Structures are given as structure tokens and as C-alpha cells.
Amino acid sequence: MHHGIEGLEPGDLVGPAITPASVYFLPGEPEAVHQYGRWTNPTWSALEQRLSILEDAETVVFPSGMAAIASLLYSQLQPGDAVLLPSDGYYGTRALAERYLAPMRIEVATCPTRDYGQRDFSGFRLVWIECPSNPGLDVCDIREAATRCRAADVLTVADNTTLTPLGQRPLDLGVDVLVCSDTKCANGHSDTVFGHVSSRNGELMAQVRDWRCKSGVIPGAFEAWLVHRGLESLEVRFDRMCSTAEVIAQRLAESPSVIKVSFPGLPSHPGRAVAERQMLRFGQLIGVTFSDAGKADCFINNCPLIRPVTSFGGIQTSAERRARWGDAVEPGFVRLSVGCEPVETLWTAMEATLRSL
Ligand SMILES: *Cc1c(COP(=O)(O)O)cnc(C)c1O
């Protein structure tokens with residue numbers, strides 16, 4: 001994110017401009033870089049260039065994480081294909097596949113993330129990995145799964161939303177393509193919905209870009225600019241959030257008010273060894289289980305430094321009880337998204353709330 005002043009003339013803007021455009025000046029033969037607003041936009045290009053540096057791979061941006069996910073499923077799958085999705089991953093991905101792809105003769109199978117190591121991948125066209133899974137934070141060995149998929153000629157996709165390119169690098173672990181909801185940590189300011197797809201496979205990226213162009217699922221210039229600005233502080237925000245989460249997870253695990261803590265960085269996590277091998281950071285999400293829904297709601301609603309919202313990855317600490325959406329988790333399970341508050345200030349507020357439960 002610190003690249004980008006090459007080629008500037010004195011007086012030039014140092015950041016990207018917001019360019020709202022449906023048309024560009026296009027006399028004669030259509031040879032200009034920018035021709036029509038659904039095909040290209042300079043503000044998207046500026047962001048794609050930054051994300052390409054961060055991901056070390058070609059990147060195409062989308063108006064949401066789900067749009068990025070749809071671009072892959074729709075551009076890569078055909079009738080007769082089979083796709084494997086994590087049964088404990090982001091609900092929207094499964095809902096999209098089951099509601100819209102299954103009726104088009106695309107077989108949708110599911111598997112819990114922690115069982116990916118035992119799963120036979122042969123026969124699938126595409127295997128979807130989400131690690132750690134949202135919301136349960138289970139872990140699978142990405143390199144092992146990607147290696148077996150490659151041998152079976154299966155395309156691997158990783159949803160890397162929870163860790164960002166600074167916390168885990170799925171393409172370096174052998175995955176073909178990744179998606180990310182930039183709505184979460186990447187933008188980080190809880191003010192826009194956004195997503196991207198990255199891959200080192202140029203042919204696949206051309207198909208994804210073409211799908212965006214033909215479907216018309218394109219981001220706004222202002223939203224692309226917001227994400228660009230958010231990304232510039234991703235490293236400091238993510239570093240603070242992950243460091244704080246390590247401290248908070250340990251202390252929550254020691255609290256008598258808490259039944260269970262799920263965090264890939266804790267020695268008690270069943271995927272800890274794999275997490276240590278493949279993650280650069282353990283992330284800022286913590287799964288906290290209380291004895292019942294009432295206690296969980298009191299923790300979320302009574303702690304002055306916790307915002308009760310759905311979604312995660314913002315500067316402010318937030319939390320929600322996932323069973324309220326029907327996720328397959330305990331009624332008292334809370335997904336806690338640790339923000340950028342000073343660690344002791346945050347813990348003091350949490351501890352007081354825990355004591356009052
Ligand atoms: C939020 C999320 C998505 C969907 O992203 P949107 O930006 O809300 O469309 C996909 N995958 C994961 C893991 C998510 O957390």
C-alpha cells in the first residue's frame with residue numbers, strides 16, 4: 001500500500017480520483033483504454049492495482065463479497081458439474097449455490113471444514129475452502145487440500161475474508177483463486193459493502209472480468225475509493241486487532257462466565273498446529289460460548305465497548321449471537337469481532353460485563 005507515487009508530476013493528486021463515468025470521449029475507432037462505464041473505470045483500476053500488489057495476483061473488484069463469489073460460481077461451473085462447499089462456512093455462499101445453481105443441474109455437496117482432510121475430492125469441478133470457517137472458526141490444512149485437488153484436476157477456491165492477505169496467503173499455499181469480502185477488515189470502516197477475486201491464472205481472471213462486464217455487477221467509483229482509503233491502514237488496524245484478540249481470547253478462556261472459547265491461536269483449538277503452519281496471524285474473530293442465549297445477549301448488549309451488529313472486521317469491537325440467523329452453533333455462541341480499541345480499555349469493559357452476568 002506504500003507503492004504508487006511513481007510517474008507523478010508536481011501538482012498531481014497523490015491518491016486516486018473518484019471518477020463517476022458512464023461514457024468516455026471516444027471518437028473514431030474504439031481504441032481508448034476506457035470506452036464505456038460498465039467495462040472499465042479508473043477508480044476501480046487504481047484499487048485493483050493496489051489489491052494486486054497485496055495479493056501478489058491479478059485482481060478484479062466487485063460491489064460485494066457475494067458478487068465476487070457469484071462471479072466465480074457462474075463463470076466456472078456448467079450443468080453436470082459438482083461443487084463442494086463447507087457446510088459450516090458463510091451461509092450466503094451455500095444459499096446462492098443451493099437456490100440458483102442446483103436447479104441448473106449443478107450438484108452442490110457440503111462437508112464440515114474440519115473434515116476436509118478426510119474428504120475425497122475426485123469428481124468435483126470446484127472445491128470451496130473457507131478457513132477459518134465463519135462463524136465456527138474451524139480449520140483445515142489448505143496446502144494439503146489444494147495439493148490433492150490439483151492432482152484430481154479440481155479447481156480450488158479459498159474465501160479468505162476472515163484473515164485478509166495479511167493474515168493468510170491461500171495462493172501461496174497452492175489454491176487456484178481466492179475471494180474476499182472487503183466489507184469486513186479490508187475496508188474496515190463499516191461504511192461500504194465490497195469484494196474482490198484474485199488469481200495467478202490469467203485465463204480464469206479473464207473469465208471473471210468478462211462475467212462482471214456481461215452481468216453488469218459492477219462497483220461504484222465512490223465505493224472503490226472508500227475501500228482504497230480503508231486499505232491504506234489495513235496493516236496497522238489488522239496488527240492491532242490480531243494482537244488484541246490473542247490477549248482477549250486467552251482471558252476469556254480463563255473467565256468462569258464463559259463455557260468455551262474458539263480461537264485458532266489458543267492451544268485448546270483442535271486446528272492449532274495447522275493454523276500455526278499456514279496463518280501469518282490468527283485473526284481478530286473469537287468464538288465465545290455462554291451457557292445460554294440470555295447470557296450471550298447480556299454480554300453483547302451490556303458491554304459499552306461492544307456494538308451489537310451483524311458483520312465483523314470494523315474498527316469498533318462488535319459481536320452477535322449467530323444462532324439468531326439459524327447457524328448450526330450453540331444458542332449461547334457469540335462471534336466476537338475484536339476492534340482497534342486499546343487492549344486494556346477493552347478488557348476492563350468486558351471483564352466488568354462478564355462479572356455482572
Ligand atoms: C461477509 C462474508 C461474505 C459476503 O460478503 P458481502 O460483502 O457481505 O457480500 C462472504 N464470505 C465471508 C466469509 C463473509 O464473512
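Predicted, not measured: the structure shown is a model, and the values here were computed from it. For the single chain, residues carry numbers from 1 onward in sequence order. Counting convention: from 1, in listed order, for ligands and their atoms alike.
Atoms of ligand 1 found under 4.0 Å from any heavy atom of S64, numbered from 1 in the order shown, are 7 (O), 9 (O). Ligand 1 places these atoms under 4.0 Å from at least one heavy atom of F312: 15 (O). In the vicinity of F194, heavy-atom distances shorter than 4.0 Å reach the ligand 1 atoms 7 (O). Annotation for ligand 1: atoms under 4.0 Å from non-hydrogen atoms of V193 are 7 (O). Set against the non-hydrogen atoms of G65, the atoms of ligand 1 under 4.0 Å away are 5 (O), 6 (P), 7 (O), 9 (O). Annotation for ligand 1: atoms under 4.0 Å from non-hydrogen atoms of T161 are 11 (N), 12 (C), 13 (C), 14 (C), 15 (O). Distances below 4.0 Å separate heavy atoms of E130 from the following atoms of ligand 1: 13 (C). Residue contact check: T183 has heavy atoms under 4.0 Å from atoms 6 (P), 7 (O) of ligand 1.
Taking every heavy atom of both residues into account, R94 and L85 meet most closely at CA-CD1, 3.8 Å. Closest non-hydrogen pair, M205 versus V60, comes out as CE-CG2, 3.6 Å. The heavy-atom pair separating H196 from A68 by the smallest distance is O-CB, 3.7 Å. The nearest pair of heavy atoms linking G92 to M66 is O-CE, 3.3 Å.
Residue T93 has no nitrogen or oxygen atom sitting less than 3.5 Å from a nitrogen or oxygen atom of ligand 1, judged on distance alone.
In this structure, the side chain of R335 does not engage the main chain of N134 through any donor-acceptor pair within 3.5 Å. Looking at S318, its side chain never comes within 3.5 Å of a backbone N or O of T310 through a donor-acceptor pair.
In summary, D176 and R150 engage in a salt bridge, as defined by a charged side-chain N under 4.0 Å from a carboxylate O. Contact check on R200 versus D172 returns a salt bridge, with a Lys/Arg side-chain nitrogen under 4.0 Å from an Asp/Glu carboxylate oxygen.
Heavy atoms of T162 stay at 4.0 angstrom or farther from ligand 1. Residue-ligand proximity: D182 is placed with every non-hydrogen atom at 4.0 Å or more from ligand 1.
The protein heavy-atom contact nearest to atom 14 (C) of ligand 1 is K184 NZ, 2.9 Å. For atom 9 (O) of ligand 1, the closest heavy atom belonging to the protein is M66 N, 2.8 Å. The protein non-hydrogen atom at the shortest distance from atom 5 (O) of ligand 1 is S181 OG, 3.0 Å. Y90 OH, 4.0 Å is the protein heavy atom nearest to atom 8 (O) of ligand 1. Nearest protein neighbour of atom 12 (C) of ligand 1, counting heavy atoms only, is D159 OD2, 3.4 Å.
Using cut-offs of 30° and 60° on the angle between ring planes, the pair F282 and F263 is perpendicular.
Counting heavy atoms closer than 4.0 Å to ligand 1, residue I69 contributes side-chain atoms (C-beta onward) but none from N, CA, C or O.
Looking only at atom types and distance, the side chain of T113 has a donor-acceptor partner in the side chain of D88 under 3.5 Å away. In the model, R281 has a side-chain atom that pairs as donor or acceptor with a side-chain atom of S243 under 3.5 Å.
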